[in-house]
Amino acid sequence: MNEKYNFTAIEEKWQKHWEEKKIYKAEPSKEKPKYYVLEMFPYPSGNIHMGHVRNYAIGDVIARYKRMKGFNVLHPIGWDAFGLPAENAAIKHGIHPAIWTKSNINNMRKQLKMCGFSYDWDREVATTHPDYYKWEQELFIKMYKKGLVYKKSSNVNWCEHCNTVLANEQVEDGSCWRCSNEVEQKELDQWFYKITDYADELLDFTNKLPGWPERVLSQQRNWIGKSFGQKIKFPLESDKTKYIEVYTTRPDTLMGVTFMSIAPEHPLTKELISNAPNRAEIEAFIEDVKKEKAIDRQAENYEKKGFFTSSYALHPVTEEPIPIYIANFVLATYGTGAVMAVPAHDQRDFEFAKKYKISMKEVIKGEANRDKTLSDYTEAFTEKGTLVNSGQFDDLNFDEAFNDIAVYLESRSLGYRAVQYKLRDWGISRQRYWGVPIPMLYTEDGTEAANIEELPVILPLDVEYNITSGNLLDTIESFKNTTHNGKPAKRETDTFDTFNESSWYYARYTSPRFDDGILNPEEANYWLPVDQYIGGIEHAIMHLLYARFFHKLLRDEGYVDCNEPFTNLLTQGMVTKFDEKTGRAAKMSKSLGNTVDPTEIIKNYGADTARLFILFAAPPERDLEWSDNGVEGSFRFLNRVWRLVGQKFQQAITTQQVDFNSLNQNNKKIVVATNKMIKKIHSCFDEFHYNTAIASMMELTNMLYSFEEDSESTPYIKYAIETLVCCLNPFAPHMASELWQELGHSEDLDFVPFPQYIEKFTIDDTVTIVFQVNGKVRSKEDLPLNSTQEEAINAALNDPIVQKYLDGKEIIKKISVPNKLVNIVVK
RNA sequence: GCGAGAAUGGUGAAAUUGGCAAACACACUGGACUUAGAAUCCAGCGCCGAGAGGUUUGGGGGUUCAAGUCCCCCUUUUCGCACCA
């Protein structure tokens, strides 16, 4: 074999082999258990960077490992190809988004192939293809007909810079998640998916999913934000047929209500302030608050302000008049937009009452306020406790009061138990050109869905891309004006939020060319759910929640049987890069312009080195600040393996069989070292700790270099070398495949069974026992495995160094941990 | 403020149930080979100390024969949520 590790030739050779022989093509089969491993598909931004390499290397290691473990592996890839950057590039460089996207895909496909990832390329999808988005449109129409899609005019998050609407999930700190521009409120007609219908099921899963990181589950739980409370009606004093309804999670404090606060956007504000002497002032206040930007209203030091409306509501139990305030901190979009204020037991109400000199009433007693009276309060007492000053509800605890008050109010039609979510319906309309057209039409008869036989509604590509603001699609008359069932019609010109496409691609991969429906249920049910999903933590809420939602839509349409799309989730840490300007490390991304292209590394060291290096640098879940220090180390290791095989070549191609029964002491060392490595690799794979798996291969390599052969060593050397090559395959598949072939094997290494360890050979015959005196290591000695505690203690007591430390002392205690240590405690 | 995680040599990091801290690498130092370099190989490498030895996992306390690991308090830091009534 060649003395030199010629990675360029080797990598080209095997990539060609894999592609021509379609080695990684996946077909359903009953002979093997299936395993679906998936990495989040990329947005085709132009070039892959080390963050991609990390993500896809992790997935590829799993795919290759599982293939060798005898699984029928599905490992697909595709392109999340609609989205804003293509439009920005179009504006900037005058290239049509379709052309820009296509050329990026071609480039990135080439780069991914250069990395040697074992994808089934026959299943590649691009979301921009009408054969893909056609089914998304169909699903949308089906959901529309089912009542799970609706249109409403609403105040939406608007990014002026991106010229489009944003979902709540896409607003970060009051700013656009893409461009960081300030988000404004705008009244627009929008299409919504009724994700709230599935809130309970989406939440339920977060409480029982073992294969997902707790971090992601708790974020989703938090986002869904389910709470239990009651809705309570407070009739208006001026007109008892009208009332203000509040939502509260603390109905036990009902008797402590001393005022009410309502949001400035509340529909009754106008009526309530009609008799206020300072009506003009209040109106101005309301207008000011409405104009305030979301980011300002969320600010930490946002001043709580309010005005008395001069109107009163009646307490539902006592019928006492309760003053109604308009307050700028009451959210219009949560609950009913109105709050029953209990200043003694809610911090916000407490501050508000202090500021406007509103009375308070203490109705809950607990440990912390046992000996306090209201005048001692410096803050609200918000814990649960026992009711006081609450008339008929006195002495009840929280649960009793919750129930009794609900029963009381329900019997009088003044309230009812209610569940509230923070999660809102998913607004999916985007005023963008480069997206999937929403397949709806407006005719003289009203809003109608496109006929399913007429799908797809194709995004017209034949356009001059020269518009810099507004929705381009809206200006294309030939698209806009059409007919529907013989009637003149105007098409909806908004497009889907691109999170729609990424919400079901994992399912489409199971039957990507199926043209009789969104999925072929047979194939979908063979492959789904995804056994291992891998991607960035930044998708913890949006993508992973939407995909789970879509999966339930697909399930309820009968396409899939399982309830959840992704059984196990691995959230890999970000690859960051230090920025001289900010003095901080930031996530590697095209938009920040801090990417490191792996092409150089591949050119200089090969793809195997690049993959090995990124996996060796840190465990997958940890963030990794980019530095190429250490690339050479991984390269050096592969060279060492290459030379080792060359050096031991004659032994490694022997036809002698290993005989574990006639092992001599010397050769047992190789067998034990090899089995220890296999065992270690298995446990590393269970935890995704590829860095330590690689370290254990390095250890075996080092051991084999220093091993002194005897006349019987040959078959054991062969055993060790072949094992090493097999274990290396998931990490450095080109080199491993080449070595495997060099060693005389004609079958593809991809399906060679992954080495199994023999338990009895994972343990040495002797173990080093540490001798401690008073917990400090003083000496050590090799003793036979499983020596008795007595033997170990005697060995320690006979050790001259130990004796030195025992001299003149009284032995209090002798502790022996089998195969580990002896600790002599002296005084 | 609330919730979850993290903190170990010059660097990336490792360490089943509490049981030899620093595996495996990078960088560095010295040496071999070489006209020289590259590559490779050998040796050293937490800190203090010439050495014996002492000491070390963000800081402080505790439990234990024994703590990076368990408990309490604190600091720093990352992420998420943040008027959700």
Side-chain angles (χ1 to χ4, degrees), chain A residues 4 172-173 213-223 225-227 229 246-251 253 260-261 263 297-300 302 304 327-331 333-342 345-349 351-352 382 420-423 537-538 540-541 571 573-574 576 584-585 613 616-619 621-625 627-634 636-637 639-640 643 680 683 687 689 691-702 705-706 768-780 812-826:
Chain A
K4 200 165 169 277
E172 296 173 348
D173 286 333
E214 179 52 36
R215 188 150 75 118
V216 176
L217 296 175
S218 73
Q219 279 184 50
Q220 293 211 353
R221 226 175 279 143
N222 208 312
W223 188 262
K226 185 180 189 178
S227 67
V246 301
Y247 171 73
T248 179
T249 54
R250 292 296 303 273
T253 63
M260 303 188 74
S261 13
R297 275 182 89 166
Q298 281 170 17
E300 205 160 327
Y302 184 65
K304 290 184 175 61
N328 62 356
F329 62 90
V330 177
L331 303 174
T333 48
Y334 181 77
T336 59
V339 179
M340 63 175 218
V342 187
H345 304 292
D346 181 284
Q347 188 58 27
R348 293 155 301 185
D349 298 341
E351 287 165 20
F352 195 85
T382 56
Q420 189 69 40
Y421 300 90
K422 285 201 264 180
L423 180 73
I537 183 71
E538 65 273 21
I541 298 175
T571 48
M574 294 184 293
T576 63
R584 298 179 58 145
F613 168 66
F616 184 56
E621 69 277 8
R622 199 177 298 196
D623 282 350
L624 178 62
E625 190 179 322
S627 150
D628 58 10
N629 285 345
V631 174
E632 304 233 359
S634 295
R636 209 171 288 161
F637 167 63
N639 275 286
R640 271 169 73 77
R643 285 197 312 273
K680 177 80 181 162
S683 73
E687 297 172 315
H689 283 182
N691 54 334
T692 50
I694 294 165
S696 73
M697 290 189 286
M698 289 173 168
E699 276 181 275
L700 180 66
T701 305
N702 293 344
Y705 262 105
S706 60
T768 304
I769 304 292
V770 170
F771 298 154
Q772 297 181 335
V773 178
N774 284 349
K776 287 194 173 144
V777 179
R778 295 305 180 186
S779 185
K780 52 186 78 169
I812 296 173
K813 209 170 185 178
K814 290 174 277 195
I815 290 146
S816 170
V817 181
N819 298 323
K820 285 269 160 72
L821 58 68
V822 172
N823 189 9
I824 313 282
V825 186
V826 297

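Treat the numbers as computed from the prediction; the structure is a model and nothing was measured. Throughout, protein chains are lettered first and strands after them, A, B, ... in sequence-line order, and every chain is numbered starting at 1.
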Just jot down the side-chain hydrogen bond (donor to acceptor under 3.5 Å, both in side chains) partners of [X], sequence neighbours excluded, or say none.
{"X": "Glu625(A)", "value": "none"}
{"X": "Glu687(A)", "value": "none"}
{"X": "Asn691(A)", "value": "none"}

Taking N or O atoms only and anything under 3.5 Å, show me the protein contacts with nucleotides 19-21 of chain B, one pair per line.
unit_1: C20(B); atom_1: O2; unit_2: Lys780(A); atom_2: NZ; d: 2.3

### Query
Nearest heavy-atom pair of Thr253(A) and His345(A): which atoms, and what distance?
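In this case the closest contact between Thr253(A) and His345(A) is CG2-CB, 4.1 Å.
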
[X]: what forms a side-chain contact (heavy atoms from CB on, under 4.5 Å) with it, not counting sequence neighbours?
{"X": "Met697(A)", "value": "Phe637(A), Met677(A), Ile681(A), Ile694(A), Leu724(A), Cys727(A), Leu728(A), Phe731(A)"}
{"X": "Val822(A)", "value": "Ile769(A), Phe771(A), Ala792(A), Ile793(A), Ala796(A), Ser816(A), Ile824(A)"}
{"X": "Arg636(A)", "value": "Glu632(A)"}

### Query
Looking at residues at least two apart in the chain, or sitting in another chain, which of them share a ring-ring contact (aromatic ring centres under 6.0 Å, His included) with Phe613(A)?
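Testing Phe613(A) for ring-ring contact (aromatic ring centres under 6.0 Å, His included), a comparison that skips the adjacent residues, returns Trp626(A).
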
### Message
Categorize Ser218(A) for me: base, sugar-phosphate, or nothing, with a 4.0 angstrom heavy-atom threshold over every strand shown.
### Response
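No contact at all - Ser218(A) keeps every heavy atom at 4.0 Å or more from the nucleic acid.
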
### Message
Students often get this wrong, so: under 4.0 angstrom with heavy atoms, is Ser227(A) touching a base, only sugar-phosphate, or nothing?
### Response
sugar-phosphate

### Query
Mind pulling the stems RNA chain B is in, i.e. runs of at least three Watson-Crick or G-U pairs, everything under 3.5 Å?
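Ordered by first number, the stems with RNA chain B (at least 3 consecutive pairs each) read B:1-7 with B:75-81, B:10-12 with B:24-26, B:28-32 with B:40-44, B:46-48 with B:53-55, B:58-62 with B:70-74.
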
Please enumerate all protein N or O atoms sitting under 3.5 Å from an N or O of nucleotides 32-34 of chain B, with distances to 0.1 Å.
none

#### Entry: Set of residues satisfying salt bridge (charged side-chain N to carboxylate O under 4.0 Å, His left out) with respect to Glu351(A), sequence neighbours excluded
Lys304(A)

### Task
Could you state the atom-to-atom distance from CZ of Phe329(A) to P of C84(B) in whole Å?
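Interatomic distance, CZ of Phe329(A) to P of C84(B): 10 Å.
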
List, with names and distances, any nitrogen or oxygen atoms from the protein found under 3.5 Å away from nitrogen or oxygen atoms belonging to nucleotides 23-25 of chain B.
unit_1: A23(B); atom_1: O2'; unit_2: Glu699(A); atom_2: OE2; d: 3.4
unit_1: A25(B); atom_1: OP1; unit_2: Asn702(A); atom_2: ND2; d: 2.7

